[in-house]
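A short write-up of the structure that comes next.
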Protein chains: 2
Amino acid sequence: MKKVTINDIARAANVAKSTVSKVMNDAPTVSPDTKRRVRAIMKQMNYTPSTIATQLARQSSSTIGMLVDLSRRADFLNHFFYTIIGGIESVAGPLHYELTISNIQSSGPDNFMNRLVRGRKVDGLIMEKSILTREQVDELLQLEFPFVSIGRIADTEGVSSVDIDNALGSGMLTDHLVEQGCRKLAFLGGEPADSIFESRSTGFHRSLKAHGLEGTVSCCEGSAAEGYRLTKELLASGYAPDGIITISNYVAFGVLQALQEANFRVPGDICVATFDDYPLAPYTTPPLTCLHLDTFELGIHAASMLMERIDGSVTGVENRLLLPTLIPRASTQRQRLKE
Amino acid sequence: MKKVTINDIARAANVAKSTVSKVMNDAPTVSPDTKRRVRAIMKQMNYTPSTIATQLARQSSSTIGMLVDLSRRADFLNHFFYTIIGGIESVAGPLHYELTISNIQSSGPDNFMNRLVRGRKVDGLIMEKSILTREQVDELLQLEFPFVSIGRIADTEGVSSVDIDNALGSGMLTDHLVEQGCRKLAFLGGEPADSIFESRSTGFHRSLKAHGLEGTVSCCEGSAAEGYRLTKELLASGYAPDGIITISNYVAFGVLQALQEANFRVPGDICVATFDDYPLAPYTTPPLTCLHLDTFELGIHAASMLMERIDGSVTGVENRLLLPTLIPRASTQRQRLKE
DNA sequence: TTGTAGGCGTTATCAA
DNA sequence: TTGATAACGCCTACAA
C-alpha cells in the first residue's frame with residue numbers, strides 16, 4: 001500500500017499540484033490538453049485522491065451517520081434495519097455520501113455527540129425516535145446540527161421526522177375488518193409507553209367510533225407467546241370478538257394458534273389482521289392479512305430530508321407520514337374479492 | 001456550528017498548539033498543572049478535536065468498512081445484518097473505530113475500491129463471501145489491504161474468513177434425528193451453486209455414511225412455498241423419510257404445513273429439524289428443533305480478526321469456524337429429554 | 001516542560 | 001491557462 005499523492009502526479013506531469021487538483025475536479029479553467037495528459041498519468045500511476053485530505057480541505061465529511069442502540073435487540077426497527085439502510089444508501093450514495101453506523105451506547109467523553117457531531121465526523125444524523133435523550137435532542141437543535149428522526153419524537157418541537165402513518169394504518173385495518181362483516185373488534189399487543197402503540201390504538205379507537213362499533217385494546221409485549229396468552233385470556237373472559245388486529249406478526253401468530261386450539265374458525269368465526277408483513281405471513285394457517293409498511297421508503301425519505309437540510313436547501317421542520325398498504329389474505333377473506 | 005480549533009484553545013490558554021495537542025493525547029511530558037488549565041479551557045470553550053484533521057495527521061482513518069450488496073434483498077446475511085453489525089461494533093467501538101456501510105453496487109470510477117480502499121477512507125474491510133468478484137479479491141490481496149470475509153471464499157487462497165461450521169451443523173442435526181430414532185432422512189432446500197448448501201449437504205452425507213443410513217437431498221429456494229412444494233413431491237414420489245432437515249426456517253415452515261395436510265404426525269411419523277433459529281420457531285406447530293447460529297459472534301470474530309490485521313499483530317491467513325448450537329424442541333422430541 | 005516548524009494531502013485564492 | 005502559496009486542523013520531531 002504505497003501511497004501516490006497529488007505531488008507525485010504533479011511532478012510526473014510537470015505541472016503544479018493546484019493544476020492536478022483542478023483536473024480532478026474538472027475545472028473549466030484547465031486546457032483540455034493538460035487535462036488529458038494529467039489524467040493519463042493519474043491512471044498510469046494508479047492514483048486516487050485521499051478522501052480524508054479532501055474532506056479536511058473542503059471542510060465537509062461527506063458522510064452521514066445512523067445512530068443505533070445496539071443493546072436493544074428487540075426494537076421494531078431492527079427487523080427492518082437492512083431495508084432502511086438500503087433506502088438511505090439509495091439516496092446518499094449517488095450524492096457521494098458515505099454512511100456510518102454508530103452505537104450511542106459508548107458513553108464517556110468519547111460519545112457520539114463529541115466524536116460525530118462536534119468532531120464533525122458526519123454532516124448529519126438519522127436515528128430512531130427513542131434513541132436520543134431529551135438533552136441530546138436539545139443539544140443537536142441548539143448546535144443547529146442537521147438530523148432527521150425515524151418516528152416522531154414526542155413532545156419535541158423543531159425535530160424533522162419521517163414515520164409510517166400508524167393511526168391511518170389502524171383505520172385501514174379496522175375498515176377492512178368491518179367490510180368483511182366484523183362488528184366486535186379487539187386490538188392486541190403493544191407497550192403502553194410506546195408511541196407506536198399509542199398512535200395505532202388511537203387510530204383504532206377513532207375508526208371504531210366512525211363505524212359506531214365497540215372494541216377493546218389489550219397491551220402486551222410483541223411476542224407470539226404473549227399473543228397466545230392474551231387471546232386465551234380474551235376468550236376466557238367471555239368477550240368474544242369477531243375481528244382481531246395485532247400490533248405485529250409475532251403476536252398474530254400466537255393469536256392464530258390460540259384460536260385454532262379453541263376451535264375457532266379463521267376467518268369464519270374470527271378475522272385476524274396485523275401490522276407488518278413478514279415473509280412468513282403468507283404461510284400461516286390461514287395466510288395472514290397484513291398491513292405492509294414500506295421501510296425502504298422510510299429510509300429514502302429520511303435520507304432525502306437530511307440531505308436537503310445538510311445542503312441548506314430546506315431549513316424548516318417537517319414531519320412526513322408514509323402510507324401503509326393493505327395486503328388482504330385468507331385470514332380476513334369472508335367475501336370473495338372483486339377482481 | 002461555529003468551530004473551535006486547537007488554535008483557539010492554544011491562544012486562550014496561552015500555550016503553543018503543540019502543547020494543546022499533547023494535552024489531548026495525555027502526553028507525559030506536560031506538567032499536570034498546564035494539563036489541568038488547558039483541559040479546563042477546552043471544556044469551557046466546548047472544544048472537540050476534528051476527527052478528520054486527526055485522521056489526516058495520523059494517516060489512519062480509524063474506521064472499518066462493511067461492504068454490502070443492497071440490491072440483494074434475500075441474502076442469508078440480511079436477516080442477521082443487525083446482529084452482525086452489533087458484533088462488529090462491540091469490538092471496533094471500544095477500539096475507537098468507526099464503522100461505515102458501503103454498497104458495492106455503485107460502480108464506475110467512484111466504486112468502493114477507489115473511494116474506500118485507495119482513497120484510504122477505511123483501514124480495513126469486512127464483507128460477505130459472495131460479494132466480491134475474483135478480480136476484486138485479487139486486487140485487495142495484491143494491495144495487501146486488510147479484509148476479512150464472512151463465509152469462506154471458494155477457491156481463493158490468502159483470504160481470512162469466519163464462518164459457521166455448516167458441515168458440522170449438518171452432522172449435529174443428523175445425529176440428533178438418528179438419536180430420536182429416525183432411519184431414513186431427507187435434506188430439503190438450498191441452491192446447488194451456493195457454498196452454504198454445499199457444505200451443509202456434504203456434512204449431511206458424511207454423517208449419514210457414519211451412521212450407515214440412507215438419505216436424499218433436494219434443492220430449492222429457501223422459501224416456505226418451496227418447502228411446501230418439495231415435501232408434497234417427496235411424499236408423492238413414494239419416498240417416505242422419517243426425518244427431515246431443512247436449510248432454513250422458511251423451508252421448515254412449508255414442510256410442517258405440507259406434512260400436516262398429508263396427515264403425518266410430527267414428530268410421531270416424521271421428525272423435522274432446521275438450520276437457523278428464528279423468533280417464530282418456538283411457535284410453529286409443533287415447535288421447531290433448530291440449529292442456532294451465533295451471528296453476533298460471527299461479527300465479533302470478523303472484527304477482531306480484522307483489527308489484528310490492521311494493527312499488524314497478525315498477518316497470516318486464518319479461517320475460523322464457529323460452532324452452532326442445537327436447540328431441541330417438540331418437532332423432534334420422540335423420547336423424553338434426560339434432564 | 002514548553003515552543004517552533006514542518007508535514008499529512010487536498011482545495012482555494014490570487015498572481016503571473 | 002497555469003502556478004505559487006496559504007489554508008484546513010491536527011501531530012510530531014526537534015529545539016529551546
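Chain letters run A, B, ... following the sequence lines, proteins first and then strands; every chain starts at 1. What you are looking at is a predicted structure, and each value in this text was computed from that prediction instead of being measured.
Nucleic acid contact class of A:T48 (heavy atoms, under 4.0 Å, all strands): sugar-phosphate only. Residue-level contact check: B:N14 touches the backbone only, with heavy atoms under 4.0 Å from sugar-phosphate atoms and none from bases. Contact annotation for B:V15: backbone-only contact, meaning every heavy-atom pair under 4.0 Å involves sugar-phosphate atoms and none involves a base. Using a 4.0 Å heavy-atom criterion, one finds that A:T54 contacts the sugar-phosphate atoms exclusively. Among the heavy atoms of the strands lying under 4.0 Å from A:N25 are primed sugar atoms or P, OP1, OP2 only; no base atom is included.
Dashed line: the shortest gap from a side-chain N or O of A:Q55 to OP1 or OP2 of C:dG9 is not under 4.0 Å. Remark: A:T34 is not in phosphate contact with D:dT1, judged by side-chain N or O atoms under 4.0 Å from OP1 or OP2.
Two residues, A:P49 and B:T29, neighbour DNA chain C, and the one matched to the more 5' nucleotide by heavy-atom proximity is B:T29. Nearest-nucleotide assignment on DNA chain D puts the 5′-proximal partner with A:K17, out of B:S50 and A:K17. When each of B:A57 and B:T19 is assigned the nucleotide of DNA chain C bearing its nearest heavy atom, the one mapping closer to the 5' terminus is B:T19.
Counting only N and O atoms by type, the side chains of A:D33 and A:S31 include no donor and acceptor under 3.5 Å apart.
Taking atom CG on B:L56 and atom P on D:dC8, their separation rounds to 14 Å, with Å as the unit.
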